[in-house]
Number of protein chains: 2
Amino acid sequence: MRIGELAERTGTARRLLRYYEEQGLLVAGRSPNGYRDYPEGCVNRVLQIRGLLESGLPTRIIRQILPCINDPRAIHVSDATPETLATLEDERRRMTDRIECLLRSREAISGYLEAVRREQRPAAARHEVTA
Amino acid sequence: MRIGELAERTGTARRLLRYYEEQGLLVAGRSPNGYRDYPEGCVNRVLQIRGLLESGLPTRIIRQILPCINDPRAIHVSDATPETLATLEDERRRMTDRIECLLRSREAISGYLEAVRREQRPAAARHEVTA
DNA sequence: TCAAACCCTCACATCGATGTGAATGTCAAG
DNA sequence: CTTGACATTCACATCGATGTGAGGGTTTGA
């Protein structure tokens, strides 16, 4: 598919798709006319990229992580320098930190929302709200 | 405590502590000489802030969710405009998305690391469980 | 044939988080 | 009294992700 369709299907600006490619997160073939040509799998790949970016990972790290995710078959010790492995372990730990932080905060928000709603319930006719 | 100690104890640049204050994420008292004076609780608060920033939340959002976290007692419907509640719900959903994305990616990394290690110890782990 | 809707590259702009340094004030210890 | 370590404010710089637009080629359909 061409860049426009991929953009639409992933809710991602064309500009960014080209940027991700430039950053080595995405590979696109080329049609004879020079247009980028994406395989179907790119949709999920882009969604992955965006999810990780939204979660605070920089492209440099995503570049290292994506091969583990998208090519579950292409695992060879050869591509894994001990340095890369260390980075992956490190990044896994950081992901765990993020997850825990987000879980805690989400619980707190839920608690707050519940509390507010409990307070809004009891007096059912109390809607003299002056915004 | 003064800014230097807080910086050291949280591993955060002084510059950033001032920035967080400017962004309304942190409140500091002032000593007679004009130095910032932080209460003990700021340590955890700063760690929260940094965790959320690392997880991709902008200060604007952190400013809205911090009160839910740090003042579990100061809950009053009065401060909760329906607009704020909507934002909170929205942000909670986004946090869930992030959590899921991070969980998936972390699992993928773990799977990769395991696979690599199985390959590095061919003799020992011949019939291990394939995660 | 022409216009609209795609695509390309390139480059500069913006925005939020962070770095850095200048110019200055405060305070404890030699 | 001075020096060194801390603090202050202010302002400009950097960096990564993203926006935007210029200048131009390609495809499609009226």
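Given the structure is predicted, the values throughout are model-derived calculations rather than measurements. By convention in this document, chain letters (A, B, ...) are assigned in the order of the sequence lines, proteins followed by strands, and residues within each chain are numbered from 1.
Using a 4.0 Å cut-off between charged side-chain N and carboxylate O, A:R98 and A:E91 make a salt bridge. The pair A:R117-B:E89 counts as a salt bridge, with a side-chain nitrogen and a carboxylate oxygen less than 4.0 angstrom apart. One finds no salt bridge joining B:D97 and B:R94 here, because no Lys/Arg side-chain nitrogen approaches an Asp/Glu carboxylate oxygen to under 4.0 Å.
In this structure, A:T81 contributes its side chain and A:T84 its backbone to a donor-acceptor pair below 3.5 Å. No donor-acceptor pair closer than 3.5 Å links the side chain of A:R92 to the backbone N or O of B:I109. Checking side-chain atoms of B:R14 against main-chain N and O of B:A7 turns up no donor-acceptor pair under 3.5 Å. Judged by distance alone, the side chain of A:T87 and the main-chain N or O of A:E83 form a donor-acceptor pair under 3.5 Å. In this structure, B:S105 contributes its side chain and B:L103 its backbone to no donor-acceptor pair below 3.5 Å.
Residue A:I99 is grouped with residue B:I61 when hydrophobic side chains (ILVMFWY) are merged at heavy-atom distances under 4.5 angstrom, including chains of intermediate members.
The distance from atom CG of B:N33 to atom P of D:dT8 is 9 Å, rounded to the nearest whole Å. Here the P atom of nucleotide D:dC10 and the CD atom of B:E21 are 12 Å apart, to the nearest Å. One can place CG of B:L17 at 15 Å from C1' of D:dC6, the figure rounded to the nearest angstrom. Residue B:Y19 contributes atom OH, which lies 17 Å from atom P of D:dC10 at whole-angstrom precision. Between the C1' atom of D:dA7 and the CZ atom of B:R30 lies a distance of 10 Å, rounded to the nearest Å. What separates CZ of B:R18 from C1' of D:dA11 is a distance of 14 Å, to the nearest Å. Computed from coordinates, the B:R2 CZ to D:dT8 P distance equals 9 Å when rounded to whole Å.
Both A:R15 and A:D37 lie close to DNA chain C; mapped to their nearest nucleotides by heavy-atom distance, the more 5′-ward contact belongs to A:D37.
The shortest distance between side-chain heavy atoms of A:R36 and A:R2 does not fall below 4.5 Å.
Bracketed by its first and final contacts, the part of DNA chain C lying under 4.0 Å from non-hydrogen atoms of chain A reaches from C:dC6 to C:dA11 in 5' to 3' order.
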Could you write out each protein N or O paired with an N or O of nucleotides 28-30 of chain D at a distance under 3.5 Å?
none

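Applying a 4.0 Å cut-off to non-hydrogen atoms, none of the residues of residues 56-64 of chain B approaches DNA chain D.
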| request: Applying side chain to side chain donor-acceptor pair (under 3.5 Å), run through B:Y20 and B:R50 and close with a yes or a no. | output: CA-CA 10 Å; B:Y20 299 156; B:R50 292 201 62 75; 2.7 Å; yes
